[in-house]
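Notes follow once the structure below has been shown.
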Amino acid sequence: MGRHTSYQRQKERVQRNQVHPLMRGIGCILLVAVPIIAYGVAALLVDTGVRSGWPIPPAWLGIIEVHPLLWRLTGLTVALNYVQAQNNLLANLVFALALTIVIFGLLAIIYGFIYKLFGPPEYGPTDEPPVRGRKVKRYKR
């Protein structure tokens, strides 16, 4: 034993810059749930838009045609039948992608606001805040 060795057990220090496992779980759930919710809302929006006369491109509406060569792949027939059974699938997917981006953007803004309110202080005990209101004298010859 050295002269400067402590006999007390050291407490485990919290690792910095690591995400809490609970937050990773919530992020994983949101990564799956947000696109599903966005697709459901997109399907409602496309149906409402078609009835209301929104300017949705006509190529996006209707049933998607599948190339005849894909029907030769026997493993894809179930998926291709499902795709052809969907009405306005392309419009639903485009709207769902746009809604997913908007929802994740809103979640990022809300998370940033909450982190600013409840997160750690901007400056630690050894930091000095920046000097504000200091005017620099104009250079004269």
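Along the sequence shown, residues carry numbers from 1.
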| request: Output the rest of the hydrophobic cluster of Val102: all Ile, Leu, Val, Met, Phe, Trp and Tyr residues reachable through side-chain heavy-atom contacts under 4.5 Å, sorted by chain and number. | output: Leu106
| query | Taking all atoms of both residues into account, what is the closest heavy-atom pair of Glu65 and Gln84, and its distance? | reply | CA-NE2, 4.0 Å
| Transitive ILVMFWY cluster of Ile36, excluding itself - 4.5 Å side-chain cut-off | Val32
Which side-chain N or O atoms in residues 109-116 pair as donor and acceptor under 3.5 Å with protein atoms at least two apart or in another chain?
none

| How far apart are the closest heavy atoms of Ala96 and Ala42, and which atoms are they? | N-CB, 3.4 Å
| query | Under the 4.5 Å side-chain heavy-atom rule for ILVMFWY, direct or indirect, which residues accompany Val41? | reply | Ile37, Tyr39, Leu45, Val46, Val50, Trp54, Ile56, Trp60, Leu61, Ile64, Val83, Leu89, Leu90, Leu93, Val94, Phe95, Leu99
| request: Kindly give the cluster partners of Leu44, where membership spreads through any ILVMFWY side chain lying under 4.5 Å from a current member. | output: none
| said: Quick check: closest heavy atoms across Pro35 and Leu30, and the distance to 0.1 Å? | reply: CD-O, 4.0 Å
Could you give the side-chain donor-acceptor pairs of residues 67-81 under 3.5 Å, partners two or more places apart or in another chain?
{"from": "His67", "atom 1": "ND1", "to": "Leu69", "atom 2": "N", "distance (Å)": "3.1"}
{"from": "Thr77", "atom 1": "OG1", "to": "Thr74", "atom 2": "O", "distance (Å)": "3.1"}
{"from": "Asn81", "atom 1": "ND2", "to": "Thr77", "atom 2": "O", "distance (Å)": "3.1"}

